[in-house]
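The basis for the numbers below is simple: all heavy atoms, side chains too, and nothing from hydrogens, waters or symmetry mates.
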Amino acid sequence: GAVKMATRRTVRLRREYLYRKSLEGKDRQEYEAKRRIRQALAEGKAIPTELKRQEKRLRHEIEMEDEVTEKPKPTIDDEYASAGVMDPKVCVTTSREPSSRLKQFAKEVRLIFPNAQRVNRGGTTVKEL
């Protein structure tokens with residue numbers, strides 16, 4: 001039972017990692033295409049022929065970008081992307097009908113973590129929170 005679940009989880013995490021890496025590759029290719037269009041525009045040269053089809057879309061994206069959005073972001077470890085910039089929000093919740101001891105524990109946990117919020121769950125599921 002437990003081994004099967006761990007294996008399933010490992011397979012899911014590996015699949016998710018590979019998917020993110022493939023997206024990163026696509027982002028890198030698009031970044032390179034935008035860089036080549038920017039370079040051609042800056043030098044007053046013609047747009048490379050292999051980028052002619054994508055030119056209109058890429059030009060529009062180039063116009064919308066600033067210094068932050070210009071560079072492709074790595075997708076690995078993205079949960080720490082805003083570390084040091086913005087404090088994470090921590091949601092402390094309990095089971096549907098918590099005992100008095102569990103309610104007290106949840107209050108103490110909320111005080112331990114900065115920027116934590118205690119939410120009464122009631123009939124809502126964890127996914128709905």
| Does Arg20 come within less than 4.0 Å of Glu24, counting only side-chain N to carboxylate O? | no
| query | Restricting to pairs with a member in residues 110-122, which pass side chain to side chain donor-acceptor pair (under 3.5 Å), not counting sequence neighbours? | reply | Arg118-Asn120
| field | Joint hydrophobic cluster, Ile62 plus Leu51, side-chain heavy atoms closer than 4.5 Å | value | yes
| message | Between Arg12 and Glu16, is there a side-chain heavy-atom distance shorter than 4.5 Å? | response | yes
| field | Rounded distance (nearest 0.5 Å) linking atom CG of Asp27 with atom NZ of Lys34 | value | 8.5 Å
| Measuring from Gln54:CD to Gln29:CD, what's the distance to the nearest 0.5 Å? | 9.5 Å
| note | For Ala46 and Ala40, the nearest pair of non-hydrogen atoms, with its separation, is O-CB, 3.8 Å
| request: Working to the nearest 0.5 Å, report the span between CD of Glu30 and CZ of Arg57. | output: 4.5 Å
Identify every side-chain donor-acceptor pair in residues 89-100 under 3.5 Å, counting partners at least two apart or on other chains, and give the distances.
unit_1	atom_1	unit_2	atom_2	d
Thr93	OG1	Val119	O	3.2
Ser99	OG	Leu102	N	3.2

| said: Let me confirm one number: the CZ-CG distance from Arg38 to Leu58, rounded to the nearest 0.5 Å. | reply: 9.5 Å
| request: Give, for atom CG of Leu13 and atom CZ of Arg15, the distance between the pair rounded to the nearest 0.5 Å. | output: 10.5 Å
| Taking atom CD of Glu61 and atom CD1 of Ile37, what is their separation to the nearest 0.5 Å? | 9.5 Å
